[in-house]
Amino acid sequence: MPIHYTSSTQTFHLQSKQVSYIFRVLQNGQLGHLYYGKKLTHREDYSHLHRIEARSNTAAVYEGNLDFSLETIRQEFPSYGTTDFREPAFQVEQPDGSRITQFEFMDYAISAGKPKLEGLPAVYTEKDKEASTLIIRLHDDRLNMDIHLSYTIFEKTGVITRSSSFTNRGSDTVKLSKGMSLSVDMPDYDYEMVHLSGAWARERHVKTRQLEEGIQQIGSTRGISSAQHNPFFALKRPHTTEHTGEVFGFSLVYSGNFKAQVEVDHFGTSRAMIGLNDFDFSWQLQEGETFQTPEAVMVYSSSGMNGLSHAFHDLFSKRLVRGKWRDKERPVLINNWEGTYFNFTEDKIVEMAEQAKECGIELFVLDDGWFGKRDDDTTSLGDWSADERKLPNGVKGLADKVKAAGMDFGLWFEPEMISKESELYKAHPDWLLQAEGRRSSHGRNQFVLDFSRKEVVDHMYNQIADVLKGAPISYIKWDMNRPLTEIMSSGYPAERQQEIAHRYVLGVYDLYERLTSDFPDVLFESCASGGCRFDPGMLYYAPQTWTSDNTDAIERLKIQYGTSFLYPIKTMGAHVSDVPNHQVHRITSLETRARVSFFGNFGYELDITKEKDLSVLKDQVSFYKKHRTVLQEGRFYRLESPFEGDGNVTSWMVVDEHQQQAVAARYQVLEKPNSGLPRFYFKGLLEDVLYQVEGSDESFYGSELMHAGLPLQHKYTWKKQGDYQTTLLVLNAIK
Ligand code: GLA
């Protein structure tokens with residue numbers, strides 16, 4: 001059992017093959033944090049890791065004793081108001097106006113495996129022996145309230161998941177105004193905070209900053225996890241690289257407003273926390289009610305940022321993504337959005353599908369514009385039945401023809417939205433999130449449905465289920481194209497309005513849960529104006545996400561590089577689109593576009609009927625299919641970062657589980673005249689195995705390829721010069 005409890009010292013030690021996480025009960029009944037990091041030899045007492053000593057100018061808990069101050073003790077789940085002046089992990093507002101609480105350790109339970117989080121996405125186990133769970137109960141007597149802290153540790157990897165829940169057992173209604181999923185106090189602040197930040201069309205760029213005294217914070221107030229900040233941050237030592245050194249990663253399995261911060265105090269300790277954003281949040285707890293926070297995931301790596309990513313990739317691809325598609329190869333798809341936008345007919349789509357089939361593409365996705373009377377973005381969201389002007393034979397008629405052409409068929413929905421020009425709005429004008437007597441802000445001419453109300457979610461379920469039952473549909477792209485505003489619901493009383501943002505997310509999860517369980521064969525891809533809601537919560541329901549509306553190959557290097565910090569490349573939609581690129585008007589070769597998209601969930605998004613030479617596309621699709629297993633299931637290594645140096649070179653690679661095959665790529669943005677010969681340093685190969693470089697008759701030992709590097713001579717590169725050039729290398733072990 002990797003969870004030890006020593007009763008004489010009241011110490012908990014979560015210990016896996018690589019990691020230790022240790023805390024104990026303090027003399028006031030609160031929990032004190034002792035250690036998180038590389039595995040320690042187990043002992044019964046680690047209290048020496050707390051230095052408890054009197055300090056001047058601080059407040060102490062017990063009268064007559066200056067030693068015991070929470071200000072100088074690292075906390076496990078801190079509260080505010082009783083000598084700790086850092087931001088707390090929770091706050092409870094009580095009927096008498098007090099926010100002071102005294103939660104004390106009561107009891108604990110250890111079990112094999114991991115219990116489900118009702119109504120929320122979460123990591124899971126398949127066999128009980130994979131992980132152990134510790135649940136601690138803290139109790140405040142005066143309030144008659146419990147906090148349960150839940151910890152699961154995965155034995156092999158040392159991944160720890162955490163969440164907290166708050167139960168009101170008393171007769172007074174209380175208000176939870178803050179409830180974090182995890183908090184951890186690190187003993188120093190010699191760390192860099194790494195986070196993934198950006199905007200629409202430049203999502204998840206890597207940002208790195210040295211921790212300083214004070215609070216460094218990221219978060220979302222947009223109702224979605226957002227492109228601005230991903231619900232993730234890492235703390236790495238300054239010398240940590242992609243391949244070596246220590247790093248801690250924190251990720252929230254949630255798709256709405258979140259907050260992640262590190263507070264460095266005057267003694268140089270760092271308090272890291274992540275959870276629901278407490279800004280504009282509160283939750284009423286009546287007698288007997290419980291509030292469950294989303295789950296947070298903590299990963300420790302002593303082998304650099306790639307090591308951190310590998311732990312996240314393994315966890316997310318095998319113990320977060322669910323269902324039949326988890327282990328299945330994902331199809332090569334073509335989406336008509338950038339090819340036709342709203343302007344298409346049934347004939348046009350069938351023609352595109354036929355051409356795509358000829359190239360070996362497997363799935364046709366019909367994007368926005370097939371329903372209601374939608375010729376632009378001003379109408380019809382909410383009316384999910386075919387526009388017969390464009391699809392005279394309905395969705396089924398088109399789907400049958402696409403199937404007859406030999407391809408699977410997929411469809412776009414935006415279930416959370418409503419246009420004012422729609423039948424749905426005529427019938428239910430009160431189904432929007434809106435504040436009475438105030439203007440309703442729009443985004444892209446559309447409004448947000450009130451998913452905090454069950455009847456709204458039920459209605460959407462029925463509409464989508466009808467479409468799915470009526471036609472052979474094997475894929476859904478679930479889009480969400482604007483942030484939430486006027487977050488008010490007519491379905492709830494005044495005192496519950498600050499619950500609506502979270503209730504909305506719970507409604508989205510509910511609809512996803514029902515659709516994915518009732519239609520288990522359908523592959524879901526989530527999307528929010530591209531990558532504005534790319535988070536682990538979504539991956540629990542939809543095994544892949546449209547990474548960004550920006551399909552430019554050069555922009556994609558940064559987006560895909562950053563996204564790969566925690567998301568497996570199999571989860572990232574990556575399409576070859578037309579040039580000049582529709583977002584940045586850059587012209588890159590078809591080859592460069594494909595070589596970037598190979599390192600994602602490969603597909604196309606262009607009018608294929610306009611392609612003059614289909615043989616290039618055929619070759620690309622057949623290359624991808626030939627190497628699909630290693631590209632989708634292999635170990636991904638980032639090698640050279642577009643965020644470092646002058647950013648001119650990016651490189652990365654995948655290698656299969658048995659280290660027999662690798663596919664690697666190097667991308668150079670601008671041509672440098674008369675420059676030196678670069679070397680390509682591989683990772684993850686077997687030292688003493690000979691690998692043949694595909695397309696040449698040369699072979700090299702893994703040790704040479706990793707430590708001496710492969711000089712990139714003309715044999716492996718294109719002789720062509722110019723900007724946006726790429727090198728694609730395939731290695732095969734010689735048996
Ligand atoms: C969003 C998506 C695009 C496309 C359009 C359709 O922008 O990110 O991929 O589906 O909506 O309106």
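Read the numbers this way: they start at 1 and go in the same order the structure lists the ligands and their atoms. All residue numbers in this chain count up from 1 along the given sequence. Note that these values count all heavy atoms, side chains included, but never hydrogens, waters or copies made by symmetry.
Closest to atom 5 (C) of ligand 1 among all protein heavy atoms lies W337 CE2, 3.5 Å. Among protein heavy atoms, atom 8 (O) of ligand 1 sits closest to D549 OD1, 2.5 Å. Considering only non-hydrogen protein atoms, atom 11 (O) of ligand 1 sits nearest to D479 OD2, 2.9 Å. The protein heavy atom nearest to atom 10 (O) of ligand 1 is D367 OD1, 2.6 Å.
A donor-acceptor pair shorter than 3.5 Å cannot be found between the side chains of Q632 and R628. Neither side chain, D552 nor N550, offers a donor N or O lying under 3.5 Å from an acceptor on the other.
K390 places no side-chain N or O within 3.5 Å of a backbone atom of K373 that could act as its donor or acceptor partner.
Taking a cut-off of under 4.0 Å to the non-hydrogen atoms of D368, the atoms of ligand 1 that pass are 6 (C), 12 (O). Interface atoms of ligand 1 facing N481, defined by a heavy-atom separation under 4.0 Å, are 1 (C), 7 (O), 11 (O). Those atoms of ligand 1 that come under 4.0 Å of a heavy atom in C527, given as number and element, are 2 (C), 8 (O). Within ligand 1, counting atoms from 1 as listed, the ones closer than 4.0 Å to a heavy atom of K477 are 3 (C), 4 (C), 9 (O), 10 (O). Proximity to R444 (heavy-atom distance under 4.0 Å) selects the following atoms of ligand 1: 5 (C), 6 (C), 11 (O), 12 (O). Ligand-side atoms of ligand 1 in range of W546: 8 (O), 9 (O), range being under 4.0 angstrom from any heavy atom. Shown in contact with G530 at under 4.0 Å from a heavy atom are these atoms of ligand 1, numbered in order with element: 8 (O).
Ring centroid separation for the pair F643 and H205 comes in under the 6.0 Å cut-off. Centroid-to-centroid, the aromatic rings of F312 and Y567 stay 6.0 Å apart or farther. Between H582 and Y341, the ring centre distance stays below 6.0 Å.
Of all non-hydrogen atoms in H313 and P568, the two that sit nearest each other are CD2-N, 3.6 Å.
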Stepwise side chain to side chain contact (heavy atoms under 4.5 Å, CB included) test for L381 and R374: CA-CA 8 Å; L381 291 168; R374 188 153 161 103; 3.5 Å; yes

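When only interatomic distances are considered, the shortest N/O to N/O separation between F342 and ligand 1 does not fall below 3.5 Å. The shortest N or O to N or O distance between E605 and ligand 1 is not below 3.5 Å.
Atom NZ of K618 has more than 12 heavy atoms from other residues, nucleotides or ligands within 6.0 Å.
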